[in-house]
Amino acid sequence: MIRAVESEPLVSAQVLAAYSYCEAVTAGQARNFAYGIRLLPAPKRRAMSALYAFSRRVDDIGDGALADDVKITRLEEARALLGRIREGAVEEDDTDPVAVALAHAARTFPIPLEGLDELIDGVLMDVRGTTYETWEDLKVYCRCVAGAIGRLSLGVFGTEPGARGAERAPEYADTLGLALQLTNILRDIREDAEGGRVYLPADDLAKFGCSAGLHGPTPPEGADFAGLVHFEVRRARALFAEGYRLLPLLDRRSGACVAAMAGIYRRLLDRIEREPEAVLRGRVSLPGHEKAYVAVRGLSGLDARHVTRRTIRRRV
């Protein structure tokens, strides 16, 4: 059983200031993520913000305009910082607020910090221009940049005492991360192509006549772009179905947080499925009232109860 700490000793002013910085980064850079973690109690919300702020720093290095060799150096510096955090070498008065917050979060919750090493490995794959021939190849990348985040988050959430099947929680968290990342890849096809990145497997692109690339507002002539998108949507839905088995293993507020974030992406997937070519014209997003509905649904426990009922029916 994985169990997060529910209470904490008095937090110093320096640490609270560091957390406040991370929460500001989260609110400004990750609207969907920030929408979900607001459902958590303060200690967990702060820890999740620290994880996000560090992850954002790593992503920004990979996405920035620096030369590749400089990016690699900066990413290895981030890895060295993780080493200092593991060793307990970051003091509360350190000048790096992300390091201070993450160090405190790692002392408070059983966060598997090696997941952030995996994230760095995934961003290094981006910097080196790695491409993916098959879905099995792409899964390696997705597990680094998203599955690892699911497992890190589980370290903060913990599982409910006595939850049946709790030993599989890391597996479900990892799978849910894959579902979210594949949805991201579909949403950002045009933006990634313009940046010279192709994430969808070459095998899939060839199968649907899209190997020429997806750089414009319309698919290549003769391509079955809708078929490609629907194929990937089905794959993402299967991942969501498996990953949602995490929900009944979490406490109510952690489950609500996960249901809210995952629910937003599932609705994005619905929109992409209804109008595949929309992703070639710009980023697909949800209006605020839909996100609010997803949050209410998560807090009500509807998604967790649905998964529980479905699992029970399978066992009967």
Side-chain angles (χ1 to χ4, degrees), residues 2-63 74-75 77-123 144-158 170 173 176-177 180 250-251 253-254 256-258 260-261:
I2 302 169
R3 184 65 182 168
V5 179
E6 294 296 334
S7 60
E8 61 176 357
L10 185 66
V11 183
S12 73
Q14 292 135 310
V15 171
L16 285 175
Y19 275 131
S20 293
Y21 173 85
C22 294
E23 289 181 302
V25 170
T26 304
Q29 300 292 325
R31 286 171 292 181
N32 291 344
F33 187 84
Y35 209 92
I37 67 170
R38 72 173 63 178
L39 304 175
L40 294 170
K44 291 183 178 183
R45 186 179 66 248
R46 292 196 296 256
M48 291 294 288
S49 293
L51 282 173
Y52 177 81
F54 185 89
S55 301
R56 180 76 265 165
R57 177 181 293 180
V58 171
D59 284 341
D60 285 347
I61 293 170
D63 292 337
R74 295 282 177 86
L75 289 169
E77 288 171 354
R79 200 188 299 276
L81 177 58
L82 277 179
R84 290 180 57 221
I85 291 171
R86 286 194 192 93
E87 295 162 5
V90 175
E91 302 294 337
E92 290 188 358
D93 61 354
D94 194 284
T95 56
D96 184 343
V98 176
V100 172
L102 185 56
H104 184 271
R107 290 194 301 270
T108 306
F109 297 97
I111 298 172
L113 289 176
E114 63 272 13
L116 291 172
D117 282 300
E118 292 180 58
L119 173 64
I120 293 170
D121 291 339
V123 175
C144 285
V145 299
I149 301 301
R151 286 176 268 119
L152 286 158
S153 300
L154 183 62
V156 176
F157 297 144
L176 195 55
L180 299 177
L250 305 177
D251 66 74
R253 291 178 72 176
S254 296
C257 171
V258 174
M261 287 189 284

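Basis for what follows: all heavy atoms, side chains included, without hydrogens, waters or symmetry-related copies. Everything quoted here is computed from the prediction, not taken from an experiment.
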Participant: Any side-chain to backbone donor/acceptor pair from Y19 onto A105? Under 3.5 Å, distance only.
Facilitator: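 Side chain of Y19 to backbone of A105: a pair is present.
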Participant: Restricting to salt bridge (charged side-chain N to carboxylate O under 4.0 Å, His left out), what partner residues turn up for D117, sequence neighbours left out?
Facilitator: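 With sequence neighbours excluded, D117 shows a salt bridge (charged side-chain N to carboxylate O under 4.0 Å, His left out) to R79, R86, given in chain and number order.
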Participant: So do D251 and F157 actually touch side chain to side chain, heavy atoms under 4.5 Å?
Facilitator: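 F157 vs D251: side chains apart.
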Participant: Between V11 and T108, is any pair of side-chain heavy atoms under 4.5 Å apart?
Facilitator: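 Not touching, per the 4.5 Å side-chain cut-off.
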Participant: Give the minimum heavy-atom separation between L119 and V145, together with the two atoms involved.
Facilitator: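 Closest approach of L119 to V145, heavy atoms only: CD1-CA, 3.9 Å.
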Participant: Please report the shortest heavy-atom distance between S12 and E92, naming the atom on each side.
Facilitator: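 Minimum heavy-atom separation between S12 and E92: OG-OE1, 2.8 Å.
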Participant: Side chains of L113 and L102: closer than 4.5 Å at any heavy-atom pair?
Facilitator: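 Yes; the side chains approach each other to less than 4.5 Å.
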Participant: Run the numbers on F54 and L81 for side-chain contact (heavy atoms from CB on, under 4.5 Å), then give the verdict.
Facilitator: CA-CA 10 Å; F54 185 89; L81 177 58; 4.0 Å; yes
Participant: Tell me, with the steps shown, if L250 and L154 meet side-chain contact (heavy atoms from CB on, under 4.5 Å).
Facilitator: CA-CA 9 Å; L250 305 177; L154 183 62; 3.9 Å; yes
Participant: Using the salt bridge (Lys or Arg N to Asp or Glu O under 4.0 Å) rule, take D94 and R84 through it: C-alpha gap first, then chi angles, then the decisive distance, then the call.
Facilitator: CA-CA 12 Å; D94 194 284; R84 290 180 57 221; 3.2 Å; yes
Participant: Please give me the minimum heavy-atom distance between V98 and A50, naming the atom from each residue.
Facilitator: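 Nearest pair, atom of V98 first, then A50: CG1-O, 4.5 Å.
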Participant: Measuring only between side-chain heavy atoms, which start at C-beta, is S49 closer than 4.5 Å to V25?
Facilitator: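 With C-beta onward as the side chain, the pair stays apart.
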Participant: Can you name the nearest heavy-atom pair linking A148 to G115, along with the distance?
Facilitator: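 Smallest heavy-atom distance, with atoms named: CB-O, 3.4 Å.
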Participant: Hey, could you give me the CG/CD distance between L16 and E23, rounded to the nearest 0.5 Å?
Facilitator: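 Separation between the atoms: 9.0 Å.
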Participant: Does the side chain of L75 reach to within under 4.5 Å of the side chain of V123, using non-hydrogen atoms?
Facilitator: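 With C-beta onward as the side chain, the pair touches.
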Participant: Between the side chains of D96 and R57, is the shortest nitrogen-to-carboxylate-oxygen separation below 4.0 Å, so that they form an ion pair?
Facilitator: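 Looking at D96 together with R57, the answer is yes, because their closest N to O distance falls below 4.0 Å.
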Participant: Hey, is CZ on R151 packed in by over 12 heavy atoms from elsewhere, all under 6.0 Å?
Facilitator: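 Yes, because the 6.0 Å sphere around CZ of R151 holds more than 12 heavy atoms from other groups.
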Participant: Can you tell me how far apart CE (M48) and OG (S254) are? Round to the nearest 0.5 Å.
Facilitator: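 The OG atom of S254 is 8.5 Å from CE of M48, to the nearest 0.5 Å.
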Participant: Is there a side-chain contact between R253 and K44 in this structure, where contact means two heavy atoms from C-beta onward sitting under 4.5 Å apart?
Facilitator: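 They are not in contact (no side-chain heavy atoms under 4.5 Å apart), so the answer is no.
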Participant: Do E114 and L82 come within less than 4.5 Å of each other through their side chains, counting heavy atoms only?
Facilitator: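 A side-chain contact is absent here, since even the closest heavy-atom pair is not under 4.5 Å.
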Participant: Minimum heavy-atom separation for I149 and S55, please, with both atom names.
Facilitator: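 Closest pair (atom of I149, atom of S55, distance): CD1-OG, 3.7 Å.
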Participant: Answer whether the closest heavy-atom distance between the side chains of P43 and F109 falls below 4.5 Å.
Facilitator: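 Contact flag for P43/F109 side chains = yes.
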Participant: Looking at OG1 of T26 and CD1 of I37, how far apart are the two atoms once the value is rounded to the nearest 0.5 Å?
Facilitator: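 That separation rounds to 5.0 Å.
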Participant: Which atom pair, heavy atoms only, marks the closest approach of A53 to C22?
Facilitator: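 Of all heavy-atom pairs spanning A53 and C22, the closest is CB-SG, 3.7 Å.
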Participant: Answer yes or no: is there a donor N or O on one side and an acceptor on the other, between the side chain of R45 and the main chain of L40, under 3.5 Å?
Facilitator: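 Confirmed, R45 side chain pairs with L40 backbone.
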